[in-house]
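Single-structure report; data block below.
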Amino acid sequence: MQVEKREIVKRGLLIGLSVVILAGAITLLILVRPATVKVPFLDTKEMMRQVSPEWEKPGKYWVTHRATPNIFEGENEVAGIVLHHTAYEGSADLVVKDLCDPSNPVSCHVVIDKDGTRYVLAPPEAITWHAGFSKWGNRYRVNLFMIGIEFQGNTLVEPLTEAQIESAIEYMRPIIEKYNISADNIVTHQMIRDAYREANPKNKKAWPKVDITPEEYERVRNALDTARLLKF
Ligand SMILES: [Zn+2]
């Protein structure tokens, strides 16, 4: 009888313990469960960095190379730099895709995304088509002697980000130093278009070009000045 009683108490204790553990586990599940289920954000750039060897990080900002087929015969003199904005608020990926589309010959040398990531489409020595009707100094066809930088976004709507300006300095520094580019030859698309229009007022195809704003141009100039890259 004694043994049987002990066995009943033992079973009772085991059942009690199981109930307590189960109740605890259920309470924990209810308390710990997040209120809303969050879908994880897929950082495709970060994934690219991890899996693709074409991504590299030579400086503070990421650089990827997407060779554009839209380059023209001859060698760029790299005597100057033309600043543009893409006027497109969406993803830089789409802009890059367009600038690499052989059915439309337009391209440039680099697209700088809002986070400072640079998409390098062509080496500075390549001739790309970004300037259109253009004139600087006493020379026409600016594409032949200047390279083109496209900042992602529309500066009429939103200013450049600090990262874009910093990344542009990082990109321009070795080029300005190698080719000894003068401060006078760092211009905007609008400036070279206006110079063309002034000299050719009858060309109706050269409509006034609205591109990166004078204010944003000034910010880039100031950053170049701070970086000691304005050579007069
Ligand atoms: Zn432009």
Side-chain angles (χ1 to χ4, degrees), residues 66 68-72 76-114 116-137 139-161 163-165 167-169 171-172 175-176 181 183-200 203-221 223-224:
R66 302 261 183 97
T68 178
N70 301 334
I71 55 176
F72 295 83
N76 199 318
E77 285 175 38
V78 200
I81 299 170
V82 184
L83 307 177
H84 309 253
H85 69 194
T86 62
Y88 179 65
E89 281 298 297
S91 146
D93 271 353
L94 286 178
V95 172
V96 169
K97 209 175 143 218
D98 273 356
L99 298 179
C100 291
D101 180 354
S103 67
N104 176 3
V106 172
S107 62
C108 68
H109 292 80
V110 64
V111 177
I112 305 181
D113 206 353
K114 291 186 176 181
T117 299
R118 298 195 292 275
Y119 296 83
V120 176
L121 308 184
E125 295 77 15
I127 293 171
T128 64
W129 187 8
H130 56 94
F133 293 111
S134 53
K135 182 175 186 272
W136 197 243
R139 298 181 69 182
Y140 286 93
R141 301 178 75 190
V142 169
N143 283 330
L144 303 183
F145 59 94
M146 289 197 190
I147 63 168
I149 296 178
E150 286 278 3
F151 288 104
Q152 176 59 11
N154 185 347
T155 55
L156 296 169
V157 177
E158 197 181 15
L160 299 175
T161 64
Q164 278 179 309
I165 295 179
S167 182
I169 298 293
Y171 172 79
M172 287 189 280
I175 298 171
I176 290 174
I181 294 173
D184 293 338
N185 280 358
I186 300 171
V187 297
T188 67
H189 194 173
Q190 209 163 318
M191 289 161 72
I192 56 175
R193 173 64 71 101
D194 285 349
Y196 177 95
R197 281 167 49 79
E198 211 170 289
N200 303 272
N203 185 350
K204 294 284 178 264
K205 281 186 190 163
W207 56 83
K209 178 79 198 172
V210 178
D211 211 295
I212 184 168
T213 63
E215 292 77 21
E216 295 312 299
Y217 173 57
E218 200 54 37
R219 283 179 68 207
V220 177
R221 295 278 298 197
L224 284 166

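Numbers here are sequence positions counted from 1. Note that the coordinates shown come from a computational prediction; the quantities given were computed from them, not determined experimentally. Indexing begins at 1, ligand by ligand and atom by atom, following the structure's order.
Within the sub-2.8 Å shell of the Zn ion (ligand 1), the protein contributes these N/O/S atoms: H84 ND1, H189 ND1, D211 OD2.
Heavy-atom neighbours of R141 CZ from other residues, nucleotides or ligands within 6.0 Å: at or below the threshold of 12.
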**Report entry** Audit row: L160, I212, side-chain contact (heavy atoms from CB on, under 4.5 Å) steps and yes/no
**Finding:** CA-CA 9 Å; L160 299 175; I212 184 168; 4.1 Å; yes
Report task. Apply the test side-chain contact (heavy atoms from CB on, under 4.5 Å) to residues E158 and E89: give CA-CA distance (whole Å), side-chain angles for both, the deciding distance (0.1 Å), then the verdict. Result -> CA-CA 9 Å; E158 197 181 15; E89 281 298 297; 3.6 Å; yes
Report task. Show the numbers, then the answer: is there a side-chain contact (heavy atoms from CB on, under 4.5 Å) between R66 and V111? Result -> CA-CA 10 Å; R66 302 261 183 97; V111 177; over 6 Å; no
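In this pair, Y196 and F133 present their aromatic rings tilted. The plane angle is within the 30 to 60° band.
Every residue two or more places apart in sequence or in another chain was checked for a ring pair (Phe, Tyr, Trp, His ring centres under 6.0 Å) with H85, and none qualifies.
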